[in-house]
**Q** 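Attaching a single structure in structure tokens format; questions to follow.
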Number of protein chains: 2
Amino acid sequence: MSTHTSDKHLLYKIAKAYYQDELTQHDIARRFGLSRVKVSRLLEQARQEGIVKITVVPPPGTFADLERQLEARFGLLEAVVVAPARYDRANVVRELGQAAADCLMRCLKGREILTMSWGTTLRATVDALPSRNWPHMTVVQMAGGLGRPEAEVYGSDLTRRAAQALGARSRMIPAPGIVASKLARDALLADTHIAETLAMAARADVALVGLGALTPDSVVLQVSSLLTEEQINELKALGMVGDIALRCYDAYGRPIRHEVNERIIALELEQIKRIPRVIGVAGGTGKYESIRAALRGGLINVLVTDDRTAARLLSEPNSHRTER
Amino acid sequence: MSTHTSDKHLLYKIAKAYYQDELTQHDIARRFGLSRVKVSRLLEQARQEGIVKITVVPPPGTFADLERQLEARFGLLEAVVVAPARYDRANVVRELGQAAADCLMRCLKGREILTMSWGTTLRATVDALPSRNWPHMTVVQMAGGLGRPEAEVYGSDLTRRAAQALGARSRMIPAPGIVASKLARDALLADTHIAETLAMAARADVALVGLGALTPDSVVLQVSSLLTEEQINELKALGMVGDIALRCYDAYGRPIRHEVNERIIALELEQIKRIPRVIGVAGGTGKYESIRAALRGGLINVLVTDDRTAARLLSEPNSHRTER
DNA sequence: ACCCAAAATGAACAAATGTTCACCCTCGAA
DNA sequence: TTCGAGGGTGAACATTTGTTCATTTTGGGT
């Protein structure tokens, strides 16, 4: 087993020829009178024995390693961590939006179906979208809106603007996200256009979602006209820590069974999970529990967040392995 | 053209995934939502930009870089440089022999034709050969011998012993290397066995040769019984600096045209040149000119020598590029 | 000498990687 | 707006690399 000097010597010569001179293994074999397979094995050995060292230099001012740890820990396709200049909500949201837009654009080619929910973070994302001309792309709304006043943030508007920026077709849900009764919901779902839109969202290639949390400014909590104080407390009692597109989940990212679900017009969590790429964008104070839950439950497979939240997620001693 | 930070960031992530996590480019593409081709190109870029650094660590106590320079400068398939413990002729020769044997064994598989000349250095090489059992190999003598007295070094003996060590068949030339007249030479060449042996040597896969020089102990010079003082002076006047298998060459490795060639029984330089792998072994004081010439003329394509001679060969400002 | 277990080998196959080329953006000028 | 140059893109192809497995070789024990 102990390797003689002259062995190392040969390993060195071959490694040098391969990695520096960029000869092919075939050429090296010919020159040194070895078989190509043997050269392959010797190179393998050279790497093993540390004769060949490959270093990847981390670019400064970046959180690539944090990202890698998140990816590994939560089984993500990708994690993107940004370092906001300041940690006030407005700035964090803006920077998250920029990063999410970059990340999204990188994986779009111009022919896929993108479905998205809405919220302040996604608004920032849409604001950061560059302009494209992708007539073969479709942007589909994932959840009903929340009425007039906040239409710019909580309705079809984001979907429309995203589609416009990308030069894509759009598909909106002309209905509220939460209605008064199951009956009303069923009536709306009977509408061909709405049903088809949801069906299309369900087979999207990419989803872009914000992760709601139980902060005072939470969307879900604010819809007091349709959700009573009592119902909100029931949801909390059932372990709710956050929502994606109005669908509430518990600390393990499991859907919460509650009557309110029957009054919601949006993709279900299970449907979202089935989308190949679900980009979750969330960060700043108060989002931690919700993000952790979404990661645990495998509700998203790409996460865009800030460095503090990222560090906090990794400080957890041992989180459940995701199921994705 | 100027590379933005976030570009480098992506390069880093991908390089890390490829070189550290050993994911395939295909997997990386899938994860990051890129095409495989793009990943390939990004990795290329990462190497270019120095984000990926590949170092090959030189094993200590070795002359790998000297070897590489020799290879590059003289267009060799391989150079082997040894550092003799002491520089007395006996020791240099012993160490050269060891190295040559290693180098030879490395490129033999057991089914080829090996042709060899003779001399003190080759004797050391044969002494260092390990024992094998290669019935499909043939060892062929390349040049006639030099008579009784020094038979052990200057005749068929080396070929026989090499074949024996390797368990190979052997093919000897039962004739002197230099005869008295062209007539005598022609008569010997008419012998079927001798002719066939030379023909076989000519199509050998590997040749093992010593490089003769004009040192006082030179073989060629010592054959005074057949070479007159005058003839030797003629050869020198024609520029002779050394010989391979009794075939003399000038400072550029070109064969010397002289009557003595017609009285020699050995492969010609042109024939030797055509052998795919010609391992030249020589080193120590006095061999420099001869080695340089053989290299210049492309007479050999593998060189085994000592570190001092190697350094001297490289100190030459600008030698002719070899023709091989 | 002979035999055997363990390691090494390379041919054939499978996978991964690199390259080419036709096409499609994007952007800037008319 | 149209046009065209220049750069980027990925499908298809070519090359390179890795792996498996039947066979050979080696080294050590009789």
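Excluded from the calculations below are hydrogen atoms, water molecules and symmetry mates; all remaining heavy atoms, backbone and side chain alike, are included. Convention: sequence-line order gives letters A, B, ...; per-chain numbering from 1.
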**Q** Output the rounded distance in Å from CG (B/Leu108) to C1' (D/dT25).
**A**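 Rounding to the nearest Å, CG of B/Leu108 and C1' of D/dT25 are 15 Å apart.
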**Q** Given atom CD of A/Glu22 and atom P of C/dT17, what is their separation to the nearest angstrom?
**A**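 Rounding to the nearest Å, CD of A/Glu22 and P of C/dT17 are 16 Å apart.
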**Q** What distance separates A/Leu11 CG from A/Lys16 NZ, expressed to the nearest 0.5 Å?
**A**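 Reported value, rounded in 0.5 Å steps: 14.0 Å.
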**Q** Checking A/Leu10 against B/Arg106 for the side-chain contact (heavy atoms from CB on, under 4.5 Å) test, could you report, in this order, the C-alpha distance in whole Å, the side-chain angles of both residues, the deciding distance, and whether it holds?
**A** CA-CA 10 Å; A/Leu10 179 61; B/Arg106 213 171 53 218; 3.5 Å; yes
**Q** What N/O pairs connect the protein and nucleotides 19-28 of chain C at under 3.5 Å? Give each pair on its own line.
**A**
residue, atom, partner, partner atom, Å
C/dT26, OP1, A/Arg132, NE, 3.1

**Q** Just N and O in the side chain of A/Tyr18: are any of them under 4.0 Å from OP1 or OP2 of D/dT17?
**A**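 A/Tyr18 to D/dT17 OP1/OP2: side-chain N or O found under 4.0 Å.
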**Q** Starting at atom CD of A/Gln45, determine the distance to atom C1' of D/dG18, rounded to an integer number of angstrom.
**A**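 One finds 16 Å between C1' of D/dG18 and CD of A/Gln45, rounded.
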**Q** Is any side-chain heavy atom of B/Tyr18 less than 4.5 Å from a side-chain heavy atom of B/Ile28?
**A**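 Counting from C-beta outward, B/Tyr18 and B/Ile28 do come under 4.5 Å.
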**Q** To the nearest angstrom, how far is B/Leu42 atom CG from C/dT17 atom C1'?
**A**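 Interatomic distance, CG of B/Leu42 to C1' of C/dT17: 14 Å.
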**Q** So that I can tick it off, tell me whether A/Arg111 and A/Asp205 are bridged by a salt bridge, with the cut-off set at under 4.0 angstrom between side-chain N and carboxylate O.
**A**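 Salt bridge absent between A/Asp205 and A/Arg111.
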**Q** Check B/Ala165 against B/Leu129 and note the closest heavy-atom contact, atom names and distance.
**A**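 Taking B/Ala165 first and B/Leu129 second, the nearest heavy atoms are CB-CB, 4.2 Å.
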**Q** Take atom CZ of A/Arg47 and atom P of D/dT17, then tell me their distance rounded to the nearest Å.
**A**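 Atom CZ in A/Arg47 sits about 10 Å away from atom P in D/dT17.
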**Q** Let me know the distance between CD of B/Glu112 and C1' of C/dT9, rounded to the nearest Å.
**A**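 Atom-to-atom, B/Glu112 to C/dT9, this comes out as 14 Å.
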**Q** Looking at five pairs on each end of the helix from C/dA1-D/dT30 to C/dA30-D/dT1, what is the angle between the two axes, given to 10 degrees?
**A**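 It works out to 20° between the end axes.
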**Q** Give the intermediate values and the outcome of side-chain hydrogen bond (donor to acceptor under 3.5 Å, both in side chains) for residues A/Gln98 and A/Asp102.
**A** CA-CA 6 Å; A/Gln98 180 62 58; A/Asp102 287 353; 3.2 Å; yes
**Q** Calculate the interatomic distance between A/Leu10 atom CG and C/dA8 atom P; express it in whole Å.
**A**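 So the CG-P distance, A/Leu10 to C/dA8, works out to 14 Å.
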**Q** Is the shortest distance from a Lys or Arg side-chain nitrogen in B/Arg68 or B/Glu71 to a carboxylate oxygen in the other one below 4.0 Å?
**A**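 No, this pair does not count.
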**Q** Please evaluate residues B/Glu67 and A/His9 with respect to the criterion side-chain hydrogen bond (donor to acceptor under 3.5 Å, both in side chains), reporting the C-alpha separation (whole Å), side-chain torsions for both, the decisive distance (0.1 Å), and the verdict.
**A** CA-CA 11 Å; B/Glu67 293 170 356; A/His9 185 203; 2.9 Å; yes
**Q** For C/dG18, does OP1 or OP2 lie under 4.0 Å from any side-chain N or O of B/Gln25?
**A**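 Looking at the OP1 and OP2 atoms of C/dG18, one of them is under 4.0 Å from a side-chain N or O of B/Gln25.
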**Q** Starting at the 5' end of DNA chain C, which residue's closest nucleotide do you reach first, A/Leu34 or B/His26?
**A**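 It is A/Leu34 whose nearest nucleotide is closer to the 5' end.
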**Q** Look at the side chain of A/Glu112 and the backbone N and O of A/Gly110, then say whether any donor-acceptor pair between them is shorter than 3.5 Å.
**A**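 The answer is yes, because a donor-acceptor pair under 3.5 Å joins these two groups.
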**Q** Pick the closest DNA chain D nucleotide for A/Thr24 and for B/Lys109 by heavy atoms, then say which residue is nearer the 5' end.
**A**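 Its nearest nucleotide being more 5', the pick is A/Thr24.
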**Q** Check the distance between D/dG18's P and A/Ile28's CD1 and give it to me in whole angstrom.
**A**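 Whole-Å distance recorded here is 11 Å.
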**Q** Between A/Leu23 and B/Lys38, which residue's closest nucleotide on DNA chain D lies nearer the 5′ terminus?
**A**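 Closer to the 5' end of DNA chain D: B/Lys38.
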